[in-house]
There are 2 protein chains.
Amino acid sequence: MPSDAIRAALIKRLRLSSAIADEDIKEIEALPISVRHYPAETAVVRDGERATDCCLIADGFCVRSKTIANGKRQILSIHIPGEIPDLMSLFLHVMDHDLSTLTPSTLGFISHETLQKLHRRSPGIAEMFWRDTLIDSAMFREWIVNVGQRPAPARLAHVMIELRERLRVIGRVDGGNFEMPLTQEQIGEALGITAVHANRVIRQLRQEGIVEFNRGRVTVLDERKFQELADFDNRYLHQSPTL
Amino acid sequence: MPSDAIRAALIKRLRLSSAIADEDIKEIEALPISVRHYPAETAVVRDGERATDCCLIADGFCVRSKTIANGKRQILSIHIPGEIPDLMSLFLHVMDHDLSTLTPSTLGFISHETLQKLHRRSPGIAEMFWRDTLIDSAMFREWIVNVGQRPAPARLAHVMIELRERLRVIGRVDGGNFEMPLTQEQIGEALGITAVHANRVIRQLRQEGIVEFNRGRVTVLDERKFQELADFDNRYLHQSPTL
DNA sequence: ACCCGGTTCCAACAAAAGTTAAGGACGCGT
DNA sequence: ACGCGTCCTTAACTTTTGTTGGAACCGGGT
(Lines give C-alpha, C1' and ligand atoms only; values in the text may rest on other atoms or scores of the structure.)
Protein backbone atom coordinates (compact mmCIF):
# COMPACT_ATOMS: atom_id res chain seq x y z
CA MET A 1 0.00 0.00 0.00
CA PRO A 2 1.43 3.39 -1.03
CA SER A 3 1.80 5.85 1.81
CA ASP A 4 -0.42 8.34 -0.09
CA ALA A 5 -3.41 6.09 0.33
CA ILE A 6 -2.68 5.94 4.05
CA ARG A 7 -2.70 9.70 4.37
CA ALA A 8 -5.97 9.85 2.44
CA ALA A 9 -7.60 7.46 4.92
CA LEU A 10 -6.45 9.58 7.83
CA ILE A 11 -7.71 12.80 6.29
CA LYS A 12 -11.03 11.21 5.46
CA ARG A 13 -11.53 10.19 9.04
CA LEU A 14 -10.41 13.47 10.56
CA ARG A 15 -12.84 15.31 8.33
CA LEU A 16 -15.67 13.44 9.98
CA SER A 17 -15.11 14.84 13.40
CA SER A 18 -13.41 18.17 12.70
CA ALA A 19 -13.46 20.88 10.06
CA ILE A 20 -10.07 21.00 8.33
CA ALA A 21 -8.54 23.99 6.55
CA ASP A 22 -7.07 23.39 3.09
CA GLU A 23 -3.56 24.37 4.09
CA ASP A 24 -3.73 21.90 6.95
CA ILE A 25 -4.55 19.13 4.52
CA LYS A 26 -1.40 19.99 2.59
CA GLU A 27 0.61 19.77 5.79
CA ILE A 28 -0.72 16.31 6.50
CA GLU A 29 -0.05 15.22 2.94
CA ALA A 30 3.56 16.32 3.38
CA LEU A 31 4.05 14.34 6.61
CA PRO A 32 6.96 11.90 6.45
CA ILE A 33 5.63 8.43 7.22
CA SER A 34 7.61 5.24 7.39
CA VAL A 35 5.61 2.15 6.58
CA ARG A 36 6.08 -1.21 8.23
CA HIS A 37 4.24 -4.53 8.06
CA TYR A 38 3.27 -6.61 11.08
CA PRO A 39 2.00 -10.18 11.26
CA ALA A 40 -1.18 -11.01 13.18
CA GLU A 41 -1.13 -11.12 16.98
CA THR A 42 2.03 -9.05 17.36
CA ALA A 43 2.91 -6.30 19.81
CA VAL A 44 3.49 -2.87 18.27
CA VAL A 45 4.26 -1.02 21.51
CA ARG A 46 4.27 -2.53 24.96
CA ASP A 47 3.18 -1.30 28.36
CA GLY A 48 6.14 0.41 30.01
CA GLU A 49 7.98 1.19 26.79
CA ARG A 50 8.91 4.70 25.77
CA ALA A 51 7.38 5.59 22.41
CA THR A 52 9.08 7.88 19.91
CA ASP A 53 6.53 7.58 17.12
CA CYS A 54 2.81 7.48 16.66
CA CYS A 55 1.36 4.81 14.45
CA LEU A 56 -1.33 5.21 11.84
CA ILE A 57 -3.19 2.08 10.80
CA ALA A 58 -3.11 1.80 7.02
CA ASP A 59 -4.52 -1.68 6.92
CA GLY A 60 -5.55 -4.29 9.46
CA PHE A 61 -7.16 -4.42 12.89
CA CYS A 62 -5.39 -3.62 16.17
CA VAL A 63 -6.32 -3.62 19.85
CA ARG A 64 -5.15 -1.81 22.94
CA SER A 65 -5.06 -3.81 26.16
CA LYS A 66 -3.73 -4.01 29.69
CA THR A 67 -2.64 -7.13 31.55
CA ILE A 68 -2.85 -7.26 35.34
CA ALA A 69 -0.80 -9.12 37.93
CA ASN A 70 -2.89 -12.29 37.90
CA GLY A 71 -2.32 -12.54 34.15
CA LYS A 72 -5.80 -11.52 33.07
CA ARG A 73 -6.00 -9.21 30.08
CA GLN A 74 -8.55 -6.50 29.36
CA ILE A 75 -9.04 -5.21 25.83
CA LEU A 76 -9.67 -1.47 25.94
CA SER A 77 -10.46 -0.66 22.33
CA ILE A 78 -10.48 -2.08 18.82
CA HIS A 79 -8.88 -0.04 16.05
CA ILE A 80 -9.41 0.06 12.32
CA PRO A 81 -7.63 1.61 9.31
CA GLY A 82 -7.33 5.41 9.35
CA GLU A 83 -6.95 5.61 13.14
CA ILE A 84 -3.93 6.56 15.25
CA PRO A 85 -4.36 4.36 18.32
CA ASP A 86 -1.32 5.62 20.21
CA LEU A 87 -1.64 9.34 19.60
CA MET A 88 -1.63 9.69 23.38
CA SER A 89 2.05 8.70 23.44
CA LEU A 90 2.86 12.12 21.99
CA PHE A 91 2.59 13.59 25.49
CA LEU A 92 2.45 10.48 27.66
CA HIS A 93 5.70 9.03 26.45
CA VAL A 94 5.87 5.92 28.56
CA MET A 95 3.08 3.61 27.56
CA ASP A 96 0.57 2.52 30.17
CA HIS A 97 -0.89 -0.23 27.98
CA ASP A 98 -0.13 -2.48 25.00
CA LEU A 99 -0.92 -1.90 21.37
CA SER A 100 -0.93 -5.03 19.22
CA THR A 101 -2.21 -6.29 15.90
CA LEU A 102 -5.18 -8.61 15.57
CA THR A 103 -4.72 -9.32 11.85
CA PRO A 104 -1.67 -8.80 9.62
CA SER A 105 -1.36 -5.02 9.48
CA THR A 106 0.31 -2.22 7.60
CA LEU A 107 1.27 0.62 9.90
CA GLY A 108 2.62 4.08 9.13
CA PHE A 109 4.90 5.63 11.73
CA ILE A 110 5.19 9.36 12.27
CA SER A 111 7.82 10.60 14.71
CA HIS A 112 6.78 12.58 17.76
CA GLU A 113 9.29 15.21 16.76
CA THR A 114 7.68 15.98 13.40
CA LEU A 115 4.23 15.96 14.99
CA GLN A 116 5.31 18.43 17.68
CA LYS A 117 6.79 20.73 15.06
CA LEU A 118 3.64 20.48 13.01
CA HIS A 119 1.54 21.50 15.99
CA ARG A 120 3.64 24.58 16.64
CA ARG A 121 3.28 25.52 13.00
CA SER A 122 -0.45 24.94 12.67
CA PRO A 123 -2.51 25.13 15.83
CA GLY A 124 -5.52 24.07 13.78
CA ILE A 125 -4.01 20.65 13.29
CA ALA A 126 -3.06 20.45 16.94
CA GLU A 127 -6.66 21.09 17.90
CA MET A 128 -7.84 18.48 15.45
CA PHE A 129 -5.54 15.85 16.92
CA TRP A 130 -6.43 16.96 20.42
CA ARG A 131 -10.06 16.47 19.56
CA ASP A 132 -9.17 13.05 18.25
CA THR A 133 -7.66 12.04 21.59
CA LEU A 134 -10.76 13.39 23.33
CA ILE A 135 -13.00 11.18 21.22
CA ASP A 136 -10.74 8.30 22.15
CA SER A 137 -11.41 9.22 25.74
CA ALA A 138 -15.16 9.38 25.15
CA MET A 139 -15.01 5.87 23.75
CA PHE A 140 -13.28 4.66 26.90
CA ARG A 141 -16.05 6.17 28.98
CA GLU A 142 -18.65 4.25 27.04
CA TRP A 143 -16.54 1.10 27.34
CA ILE A 144 -16.57 1.50 31.13
CA VAL A 145 -20.35 1.75 31.08
CA ASN A 146 -20.56 -1.29 28.86
CA VAL A 147 -18.41 -3.47 31.05
CA GLY A 148 -19.79 -2.07 34.30
CA GLN A 149 -23.53 -1.95 33.74
CA ARG A 150 -24.76 -4.00 30.83
CA PRO A 151 -25.54 -7.73 30.99
CA ALA A 152 -23.16 -9.79 28.87
CA PRO A 153 -25.37 -10.20 25.78
CA ALA A 154 -25.92 -6.43 25.62
CA ARG A 155 -22.19 -5.86 26.05
CA LEU A 156 -21.42 -7.96 23.04
CA ALA A 157 -24.08 -6.30 20.93
CA HIS A 158 -22.83 -2.87 21.94
CA VAL A 159 -19.23 -3.55 21.02
CA MET A 160 -20.41 -4.99 17.71
CA ILE A 161 -22.50 -1.96 16.85
CA GLU A 162 -19.78 0.47 17.84
CA LEU A 163 -17.37 -1.34 15.55
CA ARG A 164 -19.91 -1.40 12.76
CA GLU A 165 -20.61 2.30 12.97
CA ARG A 166 -16.91 3.05 12.72
CA LEU A 167 -16.38 0.58 9.88
CA ARG A 168 -19.28 2.06 7.99
CA VAL A 169 -17.47 5.38 7.79
CA ILE A 170 -14.54 3.82 5.97
CA GLY A 171 -16.81 1.82 3.69
CA ARG A 172 -16.21 -1.53 5.27
CA VAL A 173 -19.77 -2.60 6.02
CA ASP A 174 -21.59 -4.79 3.50
CA GLY A 175 -25.27 -4.81 4.41
CA GLY A 176 -25.69 -6.60 7.71
CA ASN A 177 -22.23 -8.03 7.49
CA PHE A 178 -18.88 -6.81 8.71
CA GLU A 179 -15.51 -7.94 9.98
CA MET A 180 -14.75 -8.37 13.66
CA PRO A 181 -11.58 -10.46 13.68
CA LEU A 182 -11.51 -11.51 17.34
CA THR A 183 -11.42 -15.01 18.74
CA GLN A 184 -13.96 -15.86 21.41
CA GLU A 185 -11.15 -15.63 23.91
CA GLN A 186 -10.52 -12.04 22.81
CA ILE A 187 -14.21 -11.20 22.85
CA GLY A 188 -14.20 -12.34 26.45
CA GLU A 189 -11.24 -10.07 27.17
CA ALA A 190 -13.07 -7.15 25.62
CA LEU A 191 -16.28 -7.73 27.57
CA GLY A 192 -14.74 -8.66 30.89
CA ILE A 193 -16.03 -12.24 30.83
CA THR A 194 -14.39 -15.63 30.33
CA ALA A 195 -14.07 -17.30 26.94
CA VAL A 196 -16.60 -19.98 27.78
CA HIS A 197 -19.11 -17.41 28.84
CA ALA A 198 -18.44 -15.49 25.65
CA ASN A 199 -19.28 -18.68 23.81
CA ARG A 200 -22.53 -19.04 25.75
CA VAL A 201 -23.51 -15.49 24.94
CA ILE A 202 -22.72 -15.85 21.25
CA ARG A 203 -24.76 -19.04 21.12
CA GLN A 204 -27.65 -17.35 22.85
CA LEU A 205 -27.70 -14.45 20.41
CA ARG A 206 -27.61 -16.88 17.53
CA GLN A 207 -30.43 -19.01 18.94
CA GLU A 208 -32.56 -15.94 19.51
CA GLY A 209 -32.05 -15.02 15.88
CA ILE A 210 -30.41 -11.69 16.65
CA VAL A 211 -26.90 -11.95 15.30
CA GLU A 212 -24.51 -14.55 13.99
CA PHE A 213 -20.78 -14.54 14.73
CA ASN A 214 -18.54 -16.82 12.76
CA ARG A 215 -14.80 -16.81 12.32
CA GLY A 216 -14.32 -13.09 12.71
CA ARG A 217 -17.43 -12.07 10.83
CA VAL A 218 -20.67 -10.61 12.17
CA THR A 219 -23.97 -11.16 10.37
CA VAL A 220 -26.97 -9.32 11.70
CA LEU A 221 -30.13 -11.43 11.62
CA ASP A 222 -32.63 -9.06 13.21
CA GLU A 223 -31.61 -5.42 13.15
CA ARG A 224 -34.46 -4.31 15.44
CA LYS A 225 -33.65 -6.74 18.21
CA PHE A 226 -29.95 -6.11 17.75
CA GLN A 227 -30.25 -2.38 18.30
CA GLU A 228 -32.66 -2.75 21.16
CA LEU A 229 -30.32 -5.15 22.92
CA ALA A 230 -27.23 -3.00 22.39
CA ASP A 231 -28.79 0.17 23.80
CA PHE A 232 -26.52 2.08 21.44
CA ASP A 233 -26.47 5.87 21.19
CA ASN A 234 -23.80 7.08 18.80
CA ARG A 235 -23.44 10.51 20.36
CA TYR A 236 -20.29 9.52 22.22
CA LEU A 237 -18.49 8.89 18.93
CA HIS A 238 -18.75 12.64 18.23
CA GLN A 239 -18.78 11.93 14.52
CA SER A 240 -19.88 15.37 13.47
CA PRO A 241 -17.91 18.54 14.03
CA THR A 242 -20.82 20.37 15.66
CA LEU A 243 -19.16 23.38 17.20
CA MET B 1 -12.56 30.94 49.08
CA PRO B 2 -10.70 33.60 47.11
CA SER B 3 -10.16 32.80 43.45
CA ASP B 4 -6.40 33.22 43.95
CA ALA B 5 -6.28 30.14 46.13
CA ILE B 6 -8.13 28.23 43.41
CA ARG B 7 -5.55 29.17 40.81
CA ALA B 8 -2.77 28.13 43.16
CA ALA B 9 -4.31 24.67 43.56
CA LEU B 10 -4.53 24.26 39.80
CA ILE B 11 -0.95 25.33 39.23
CA LYS B 12 0.28 23.04 41.96
CA ARG B 13 -1.38 20.09 40.35
CA LEU B 14 -0.29 20.92 36.82
CA ARG B 15 3.29 21.19 37.99
CA LEU B 16 3.15 17.58 39.05
CA SER B 17 2.62 16.20 35.61
CA SER B 18 4.14 18.86 33.37
CA ALA B 19 6.99 21.33 33.44
CA ILE B 20 5.58 24.86 33.38
CA ALA B 21 7.35 27.98 32.16
CA ASP B 22 7.22 31.05 34.41
CA GLU B 23 5.41 33.19 31.88
CA ASP B 24 2.77 30.49 31.57
CA ILE B 25 2.16 30.63 35.29
CA LYS B 26 1.48 34.33 34.96
CA GLU B 27 -1.01 33.65 32.22
CA ILE B 28 -2.88 31.21 34.40
CA GLU B 29 -2.82 33.62 37.31
CA ALA B 30 -4.45 36.20 35.08
CA LEU B 31 -7.26 33.90 33.95
CA PRO B 32 -10.73 35.29 34.60
CA ILE B 33 -12.61 32.81 36.77
CA SER B 34 -16.15 33.11 38.02
CA VAL B 35 -16.81 31.29 41.24
CA ARG B 36 -20.03 29.52 42.10
CA HIS B 37 -21.18 27.33 44.99
CA TYR B 38 -23.08 24.09 44.61
CA PRO B 39 -24.87 21.98 47.21
CA ALA B 40 -24.14 18.26 47.54
CA GLU B 41 -25.58 15.84 44.98
CA THR B 42 -26.22 18.44 42.30
CA ALA B 43 -25.67 18.33 38.55
CA VAL B 44 -23.08 20.78 37.20
CA VAL B 45 -23.39 19.81 33.53
CA ARG B 46 -25.64 17.13 32.13
CA ASP B 47 -25.27 14.56 29.40
CA GLY B 48 -26.46 16.09 26.14
CA GLU B 49 -25.95 19.69 27.20
CA ARG B 50 -23.71 22.08 25.33
CA ALA B 51 -20.97 23.42 27.58
CA THR B 52 -19.55 26.93 27.25
CA ASP B 53 -17.21 26.85 30.24
CA CYS B 54 -14.82 24.47 31.90
CA CYS B 55 -15.04 24.05 35.62
CA LEU B 56 -12.18 23.95 38.08
CA ILE B 57 -12.87 22.36 41.45
CA ALA B 58 -11.80 24.76 44.19
CA ASP B 59 -13.34 22.77 46.98
CA GLY B 60 -15.43 19.62 47.29
CA PHE B 61 -15.70 16.24 45.58
CA CYS B 62 -17.37 15.62 42.20
CA VAL B 63 -18.07 12.60 39.98
CA ARG B 64 -18.59 12.01 36.31
CA SER B 65 -21.17 9.40 35.37
CA LYS B 66 -23.35 8.01 32.61
CA THR B 67 -26.86 6.64 32.97
CA ILE B 68 -28.14 4.02 30.54
CA ALA B 69 -31.60 3.22 29.23
CA ASN B 70 -32.53 0.80 32.03
CA GLY B 71 -31.77 3.54 34.56
CA LYS B 72 -28.51 2.11 35.84
CA ARG B 73 -25.73 4.58 36.47
CA GLN B 74 -22.00 4.08 36.10
CA ILE B 75 -19.57 6.38 37.87
CA LEU B 76 -16.58 7.01 35.60
CA SER B 77 -14.28 9.01 37.84
CA ILE B 78 -14.05 10.82 41.15
CA HIS B 79 -12.67 14.36 41.19
CA ILE B 80 -10.97 16.40 43.86
CA PRO B 81 -9.93 20.05 44.30
CA GLY B 82 -7.47 21.38 41.73
CA GLU B 83 -8.87 19.29 38.88
CA ILE B 84 -10.80 20.35 35.78
CA PRO B 85 -13.14 17.41 35.25
CA ASP B 86 -14.79 18.70 32.09
CA LEU B 87 -11.78 20.03 30.24
CA MET B 88 -12.84 17.73 27.41
CA SER B 89 -15.83 19.96 26.73
CA LEU B 90 -13.43 22.51 25.25
CA PHE B 91 -13.44 20.52 22.00
CA LEU B 92 -16.30 18.09 22.56
CA HIS B 93 -18.90 20.71 23.20
CA VAL B 94 -21.93 18.53 23.67
CA MET B 95 -21.47 16.49 26.83
CA ASP B 96 -21.60 12.71 26.61
CA HIS B 97 -21.85 12.27 30.38
CA ASP B 98 -22.89 14.02 33.58
CA LEU B 99 -20.74 15.97 35.98
CA SER B 100 -22.18 16.37 39.47
CA THR B 101 -21.15 17.22 42.99
CA LEU B 102 -20.82 14.65 45.73
CA THR B 103 -20.32 17.14 48.57
CA PRO B 104 -21.06 20.87 48.73
CA SER B 105 -18.55 22.33 46.28
CA THR B 106 -16.95 25.58 45.19
CA LEU B 107 -16.36 25.62 41.46
CA GLY B 108 -14.48 28.13 39.30
CA PHE B 109 -15.71 28.54 35.74
CA ILE B 110 -13.45 29.55 32.87
CA SER B 111 -15.05 30.21 29.51
CA HIS B 112 -14.07 28.13 26.50
CA GLU B 113 -13.43 31.33 24.63
CA THR B 114 -10.73 32.59 26.99
CA LEU B 115 -9.14 29.12 27.11
CA GLN B 116 -9.01 28.92 23.32
CA LYS B 117 -7.40 32.34 23.12
CA LEU B 118 -4.90 31.36 25.78
CA HIS B 119 -3.94 28.28 23.81
CA ARG B 120 -3.29 30.27 20.66
CA ARG B 121 -1.13 32.64 22.68
CA SER B 122 0.89 30.05 24.57
CA PRO B 123 1.20 26.65 22.98
CA GLY B 124 3.02 25.50 26.10
CA ILE B 125 -0.15 25.85 28.13
CA ALA B 126 -2.15 24.14 25.43
CA GLU B 127 0.20 21.16 25.61
CA MET B 128 -0.05 21.11 29.36
CA PHE B 129 -3.84 20.99 29.24
CA TRP B 130 -3.73 18.47 26.43
CA ARG B 131 -1.51 16.30 28.59
CA ASP B 132 -4.03 16.73 31.38
CA THR B 133 -6.82 15.34 29.21
CA LEU B 134 -4.54 12.46 28.23
CA ILE B 135 -3.98 11.56 31.87
CA ASP B 136 -7.74 11.68 32.31
CA SER B 137 -7.92 9.18 29.48
CA ALA B 138 -5.27 6.95 31.08
CA MET B 139 -7.35 6.89 34.25
CA PHE B 140 -10.37 5.72 32.27
CA ARG B 141 -8.30 2.90 30.83
CA GLU B 142 -7.37 1.73 34.29
CA TRP B 143 -10.99 2.06 35.37
CA ILE B 144 -12.01 -0.27 32.54
CA VAL B 145 -9.47 -2.83 33.72
CA ASN B 146 -10.71 -2.47 37.26
CA VAL B 147 -14.35 -3.03 36.42
CA GLY B 148 -13.62 -5.65 33.78
CA GLN B 149 -11.03 -7.89 35.36
CA ARG B 150 -10.70 -7.54 39.11
CA PRO B 151 -12.90 -9.31 41.66
CA ALA B 152 -15.11 -6.92 43.60
CA PRO B 153 -12.93 -6.60 46.75
CA ALA B 154 -9.89 -5.74 44.62
CA ARG B 155 -11.95 -3.22 42.68
CA LEU B 156 -12.86 -1.39 45.82
CA ALA B 157 -9.30 -1.41 47.12
CA HIS B 158 -8.02 -0.14 43.79
CA VAL B 159 -10.42 2.79 43.62
CA MET B 160 -9.56 3.65 47.22
CA ILE B 161 -5.82 3.65 46.58
CA GLU B 162 -6.15 5.68 43.41
CA LEU B 163 -8.12 8.28 45.29
CA ARG B 164 -5.63 8.26 48.15
CA GLU B 165 -2.67 8.78 45.84
CA ARG B 166 -4.34 11.77 44.28
CA LEU B 167 -5.43 13.21 47.60
CA ARG B 168 -1.92 12.83 48.95
CA VAL B 169 -0.66 15.25 46.33
CA ILE B 170 -2.94 18.00 47.57
CA GLY B 171 -2.15 17.24 51.21
CA ARG B 172 -5.42 15.63 52.07
CA VAL B 173 -4.22 12.32 53.48
CA ASP B 174 -3.77 12.01 57.20
CA GLY B 175 -1.81 8.82 57.88
CA GLY B 176 -3.94 5.86 56.91
CA ASN B 177 -7.01 8.00 56.82
CA PHE B 178 -8.67 9.94 54.02
CA GLU B 179 -11.99 11.15 52.72
CA MET B 180 -14.06 9.21 50.22
CA PRO B 181 -17.49 10.78 50.44
CA LEU B 182 -19.53 8.17 48.58
CA THR B 183 -22.53 6.25 49.85
CA GLN B 184 -22.46 2.49 49.44
CA GLU B 185 -24.91 2.93 46.61
CA GLN B 186 -22.41 5.17 44.84
CA ILE B 187 -19.53 2.82 45.54
CA GLY B 188 -21.58 0.16 43.81
CA GLU B 189 -22.09 2.47 40.84
CA ALA B 190 -18.37 3.09 40.65
CA LEU B 191 -17.44 -0.60 40.81
CA GLY B 192 -20.20 -1.93 38.58
CA ILE B 193 -21.90 -3.90 41.37
CA THR B 194 -25.12 -3.46 43.34
CA ALA B 195 -25.30 -1.55 46.60
CA VAL B 196 -25.92 -4.70 48.63
CA HIS B 197 -22.92 -6.36 47.13
CA ALA B 198 -20.89 -3.25 47.84
CA ASN B 199 -21.99 -3.64 51.44
CA ARG B 200 -20.89 -7.28 51.49
CA VAL B 201 -17.50 -6.37 50.09
CA ILE B 202 -16.97 -3.55 52.58
CA ARG B 203 -17.91 -5.87 55.41
CA GLN B 204 -15.53 -8.53 54.13
CA LEU B 205 -12.60 -6.10 53.97
CA ARG B 206 -13.38 -4.94 57.48
CA GLN B 207 -13.62 -8.48 58.83
CA GLU B 208 -10.33 -9.40 57.21
CA GLY B 209 -8.74 -6.44 58.92
CA ILE B 210 -7.69 -4.76 55.69
CA VAL B 211 -9.60 -1.50 55.57
CA GLU B 212 -12.45 0.22 57.31
CA PHE B 213 -15.01 2.37 55.51
CA ASN B 214 -17.30 4.52 57.54
CA ARG B 215 -19.51 7.39 56.52
CA GLY B 216 -17.29 8.66 53.72
CA ARG B 217 -14.00 8.00 55.44
CA VAL B 218 -11.43 5.30 54.72
CA THR B 219 -9.14 3.96 57.44
CA VAL B 220 -6.45 1.56 56.37
CA LEU B 221 -5.94 -1.25 58.87
CA ASP B 222 -3.28 -3.32 57.12
CA GLU B 223 -1.34 -1.46 54.49
CA ARG B 224 0.45 -4.57 53.20
CA LYS B 225 -2.74 -6.54 52.56
CA PHE B 226 -4.43 -3.44 51.20
CA GLN B 227 -1.81 -2.85 48.54
CA GLU B 228 -1.57 -6.51 47.65
CA LEU B 229 -5.31 -6.72 47.17
CA ALA B 230 -5.54 -3.55 45.09
CA ASP B 231 -2.84 -4.57 42.63
CA PHE B 232 -2.07 -0.88 42.23
CA ASP B 233 0.65 0.46 39.95
CA ASN B 234 0.68 4.25 39.90
CA ARG B 235 2.32 4.56 36.48
CA TYR B 236 -0.98 5.28 34.77
CA LEU B 237 -1.40 8.46 36.80
CA HIS B 238 1.64 9.87 34.97
CA GLN B 239 2.44 12.00 37.98
CA SER B 240 5.92 12.95 36.88
CA PRO B 241 6.72 14.94 33.77
CA THR B 242 9.27 12.41 32.50
CA LEU B 243 9.84 13.47 28.95
C1' DA C 1 -37.59 14.31 72.64
C1' DC C 2 -39.56 12.78 68.65
C1' DC C 3 -40.16 11.55 63.94
C1' DC C 4 -38.57 11.03 59.33
C1' DG C 5 -35.79 9.78 55.38
C1' DG C 6 -31.79 8.09 53.90
C1' DT C 7 -28.37 5.00 54.76
C1' DT C 8 -26.37 0.78 56.42
C1' DC C 9 -26.67 -3.94 57.35
C1' DC C 10 -28.16 -8.58 56.79
C1' DA C 11 -30.27 -13.02 55.33
C1' DA C 12 -32.47 -16.19 51.95
C1' DC C 13 -33.03 -17.19 47.52
C1' DA C 14 -32.26 -16.64 42.26
C1' DA C 15 -29.52 -15.68 38.39
C1' DA C 16 -25.23 -14.83 36.11
C1' DA C 17 -20.69 -15.92 35.44
C1' DG C 18 -16.38 -18.67 36.47
C1' DT C 19 -14.03 -23.31 36.45
C1' DT C 20 -12.86 -27.60 34.80
C1' DA C 21 -12.87 -30.99 31.57
C1' DA C 22 -13.44 -33.06 27.27
C1' DG C 23 -14.87 -33.86 22.45
C1' DG C 24 -15.25 -31.91 17.77
C1' DA C 25 -14.21 -28.77 13.86
C1' DC C 26 -11.02 -26.56 11.13
C1' DG C 27 -6.75 -25.02 8.94
C1' DC C 28 -1.94 -25.92 8.13
C1' DG C 29 2.20 -28.25 7.20
C1' DT C 30 4.37 -32.45 5.78
C1' DA D 1 -4.01 -38.30 3.73
C1' DC D 2 -2.30 -37.62 8.19
C1' DG D 3 -1.22 -35.46 12.48
C1' DC D 4 -1.03 -31.24 15.10
C1' DG D 5 -2.49 -27.18 17.16
C1' DT D 6 -5.88 -23.69 17.80
C1' DC D 7 -10.31 -22.53 18.28
C1' DC D 8 -14.97 -23.65 19.15
C1' DT D 9 -18.51 -26.11 21.65
C1' DT D 10 -20.82 -28.17 25.43
C1' DA D 11 -21.84 -30.06 30.04
C1' DA D 12 -21.55 -30.29 35.15
C1' DC D 13 -20.42 -28.05 38.96
C1' DT D 14 -18.87 -23.92 41.92
C1' DT D 15 -18.61 -19.24 43.04
C1' DT D 16 -19.91 -14.67 42.64
C1' DT D 17 -23.26 -11.43 42.18
C1' DG D 18 -28.11 -9.80 41.91
C1' DT D 19 -32.85 -9.54 44.08
C1' DT D 20 -36.05 -9.01 47.51
C1' DG D 21 -37.39 -7.64 51.76
C1' DG D 22 -36.82 -6.23 56.22
C1' DA D 23 -34.49 -4.46 60.57
C1' DA D 24 -31.30 -1.29 62.76
C1' DC D 25 -28.88 3.05 62.73
C1' DC D 26 -28.13 7.90 62.28
C1' DG D 27 -28.60 12.85 61.60
C1' DG D 28 -31.49 16.79 60.85
C1' DG D 29 -35.64 19.26 61.61
C1' DT D 30 -39.61 20.48 64.46
Side-chain angles (χ1 to χ4, degrees), chain A residues 39-42 61 63 68 70-75 101-104 146-159 179-208 211-219 229, chain B residues 39-42 61 68 70-75 100-104 146-157 179-208 211-219 229:
Chain A
E41 300 291 337
T42 309
F61 286 73
V63 289
I68 63 177
N70 67 16
K72 289 190 180 176
R73 187 169 86 131
Q74 173 70 45
I75 289 178
T101 61
L102 240 27
T103 61
N146 203 42
V147 169
Q149 299 298 339
R150 281 189 261 261
R155 279 186 224 180
L156 177 56
H158 195 279
V159 168
E179 242 182 301
M180 178 161 155
L182 308 213
T183 63
Q184 295 189 357
E185 173 80 41
Q186 291 164 337
I187 287 177
E189 289 171 342
L191 306 184
I193 60 180
T194 57
V196 336
H197 195 52
N199 181 277
R200 276 197 278 254
V201 170
I202 291 167
R203 188 197 341 168
Q204 188 192 326
L205 295 196
R206 179 173 36 233
Q207 283 171 351
E208 289 176 0
V211 72
E212 169 81 38
F213 178 77
N214 211 292
R215 253 172 285 130
R217 214 144 231 298
V218 178
T219 308
L229 178 63
Chain B
E41 299 291 336
T42 310
F61 286 74
I68 63 177
N70 67 17
K72 290 190 178 175
R73 186 170 88 132
Q74 174 69 44
I75 288 178
S100 39
T101 63
L102 239 26
T103 62
N146 204 42
V147 169
Q149 299 298 338
R150 279 190 263 261
R155 277 185 225 181
L156 177 56
E179 242 182 302
M180 178 161 155
L182 309 212
T183 64
Q184 295 189 357
E185 173 80 39
Q186 291 164 336
I187 287 178
E189 290 171 340
L191 306 183
I193 59 181
T194 57
V196 334
H197 195 52
N199 181 274
R200 276 198 281 253
V201 170
I202 291 167
R203 187 196 343 167
Q204 188 192 326
L205 295 196
R206 179 173 36 234
Q207 283 172 350
E208 290 176 0
V211 73
E212 170 81 38
F213 177 79
N214 211 293
R215 254 169 285 130
R217 211 143 234 298
V218 178
T219 308
L229 178 64

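Proteins get letters first, then strands, A, B, ... in listed order; numbering begins at 1 in each. Computation of the quantities below employed the complete heavy-atom set of this structure, encompassing side-chain atoms and omitting hydrogens, waters and symmetry-equivalent molecules.
Put simply, CG on B:N214 is 9 Å from P on C:dT8, counting in whole angstrom units. Here C:dG5 presents its P atom at 18 Å from CD of B:E41, a figure rounded to the nearest Å. Remark: P of D:dC26 and CZ of B:R215 are 7 Å apart, rounded to the nearest angstrom. Between the CZ atom of B:R200 and the P atom of C:dC10 there is a distance of 12 Å, rounded to whole Å. Atom-to-atom, CZ of A:R150 to C1' of C:dA17 comes out at 18 Å; the value is rounded to the nearest Å. Atom-to-atom, CD of A:E189 to P of C:dG18 comes out at 12 Å; the value is rounded to the nearest Å. A:L182 places its CG atom 12 Å from the P atom of D:dC7, with the value rounded to the nearest Å. Summarising the geometry, the separation between NE2 on A:H197 and C1' on D:dA11 is reported as 15 Å, rounded to the nearest angstrom.
The residue A:G216 sits apart from the nucleic acid: no heavy atom pair falls under 4.0 Å. Nucleic acid contact class of B:A152 (heavy atoms, under 4.0 Å, all strands): sugar-phosphate only.
If you run side chain to side chain donor-acceptor pair (under 3.5 Å) between B:Q149 and each of A:K72, A:R73, A:Q74, only A:Q74 comes through.
Between B:N199 and C:dT8, a side-chain N or O to OP1/OP2 separation shorter than 4.0 Å is absent.
Closest approach to the A:V196 side chain among C:dT19, C:dG18, C:dT8 is made by C:dT19 (side chain taken as heavy atoms from C-beta onward).
B:Q207 places no side-chain N or O within 3.5 Å of a backbone atom of B:Q204 that could act as its donor or acceptor partner.
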